[in-house]
2 protein chains.
Amino acid sequence: MTFDEIDHRLLDTLQRDASRTLQALGEDVGLSASAVQRRINRYRSAGVLARHVAVLEARRTADIVLAVVLVTLERESSGHHDAFAQRLLAVPEVQQAYDVSGDWDYVVVLATIGMARHSELAQHLFKDAPNVKRYTTMFVLDPLRTGTYLPTR
Amino acid sequence: MTFDEIDHRLLDTLQRDASRTLQALGEDVGLSASAVQRRINRYRSAGVLARHVAVLEARRTADIVLAVVLVTLERESSGHHDAFAQRLLAVPEVQQAYDVSGDWDYVVVLATIGMARHSELAQHLFKDAPNVKRYTTMFVLDPLRTGTYLPTR
DNA sequence: GGGGGCACGCAATAATCTTGCGTCCGAAGG
DNA sequence: CCTTCGGACGCAAGATTATTGCGTGCCCCC
């Protein structure tokens, strides 16, 4: 799939505010509402546009504890990695999980309500996991920016 | 603001898929469409619900390079921290930025198109920055999960 | 026992989305 | 150089969805 200037502008806008009407989007980029809609449908069917979600304000949600956890596994076999990934993905509070290169194998962002729940999850995901060699937790003092924005050019 | 069972279910659903109709949401939680809408408006005006966004599929967007960067500043004065934060937030490719506790001061997630752009940004944000003491980059091999989901209970 | 506030459902209205149709433009081929 | 084809567009009608006014019921507090 190839993007023109209008596609870039649309995708940019949609990633920032997907609640605008098709007509408003159209006025921004110089298209009719129906043309905008057809483009959006194209993004969808091409798999570029995955979904629409509501974003909560972490600061306004009671007692949210955000933490970034770095993890190294004991053994590098892909079976062990899969098992660990499965364990992570089964937990909704695992907000983000990345398989990374470098000194650590995984970066995990945990979003929990209250420190007690955080500890409980850390226990389950990292202490009790059979193949976690080492992990370190960095608690988020201030979420300067959160989001899923991806550039398209 | 205090949440009941229905609020939790609604906020959960909206964070996963905000494109459902008010009627569909209402059927899920046992409310009419208008009652659902009024609740959503309440979340908005309480500041709990920040915005609606479209989420792109990183795997389907050409040449996306995701990287997690850990940063420590030279000096701890709040002026230096603010300056660094400003510099981060001015860059759209800074997808996420967290001020954290522990061995590092900041965790930054960079989303760029192509390695060249990544290097350029790393240069600007970390090498050229006046008060960055040390930083390390972990490239994302596989984004197992991305998102902004926050639990509400 | 009697307000008062708040959330609800229903129904009418308003806004937005969706789709059929005719047109235009550019690329490919005669 | 002309013709044809495919793709994207705008417009407008129709369908769906969101919004809002109104009346009712519930619960808390007086």
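The analysis underlying the following values was restricted to heavy atoms, covering all of them including side chains, and did not include hydrogens, waters or symmetry mates. A note on names: the letters A, B, ... follow the listed sequences, proteins ahead of strands, and every chain is numbered from 1.
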So, does A:Arg42 get its side chain near the phosphate of D:dC9, meaning an N or O under 4.0 Å from OP1 or OP2?
yes
Within the 4.0 Å heavy-atom criterion, would you say A:Arg38 contacts the bases, only the backbone, or no part of the nucleic acid?
base
Expressed in angstrom and rounded to an integer, what is the separation of A:Asp4 atom CG from C:dG26 atom P?
14 Å
Among D:dA18, C:dA7, D:dC9, the one nearest any side-chain atom of B:Arg39 is C:dA7
Over how many whole Å does the gap from A:Asp7 atom CG to D:dG7 atom C1' extend?
14 Å
Cation-pi check for B:Tyr149 against B:Arg16: NZ or CZ below 6.0 Å from the six-membered ring centre and within 45 degrees of the axis, yes or no?
yes
Whole Å only: how far is the NE2 atom of A:His52 from the P atom of C:dC17?
11 Å
Length of the CD1-C1' vector between B:Ile40 and D:dT17, whole Å:
13 Å
Taken to the nearest whole Å, CD/A:Gln37 to C1'/C:dT18 is 5 Å
Nearest-Å distance, CG (B:Leu31) to C1' (C:dC6)?
14 Å
Please state how far atom CG in B:Leu25 lies from atom P in C:dC8, giving the value in whole angstrom units.
14 Å
In whole Å, what is the span from the CG atom of A:Asn41 to the C1' atom of D:dC9?
15 Å
Under the 3.5 Å rule, do the base of C:dC17 and the side chain of A:Ser34 count as making a donor-acceptor pair?
no
Give a yes or no on whether A:Glu57 atom CD has more than 12 heavy-atom contacts from other residues, nucleotides or ligands under 6.0 Å away.
yes
Which heavy atom of B:Glu93 sits nearest a heavy atom of A:Pro151, and at what distance?
CG-CG, 4.0 Å
Only residue of B:Thr146, B:Val140, B:Asp142 satisfying side chain to side chain contact (heavy atoms under 4.5 Å, CB included) with B:Leu144 is B:Asp142
Which nucleotide in C:dG9, C:dC17, D:dG10 has an atom nearest any side-chain atom of A:Leu22:
C:dC17
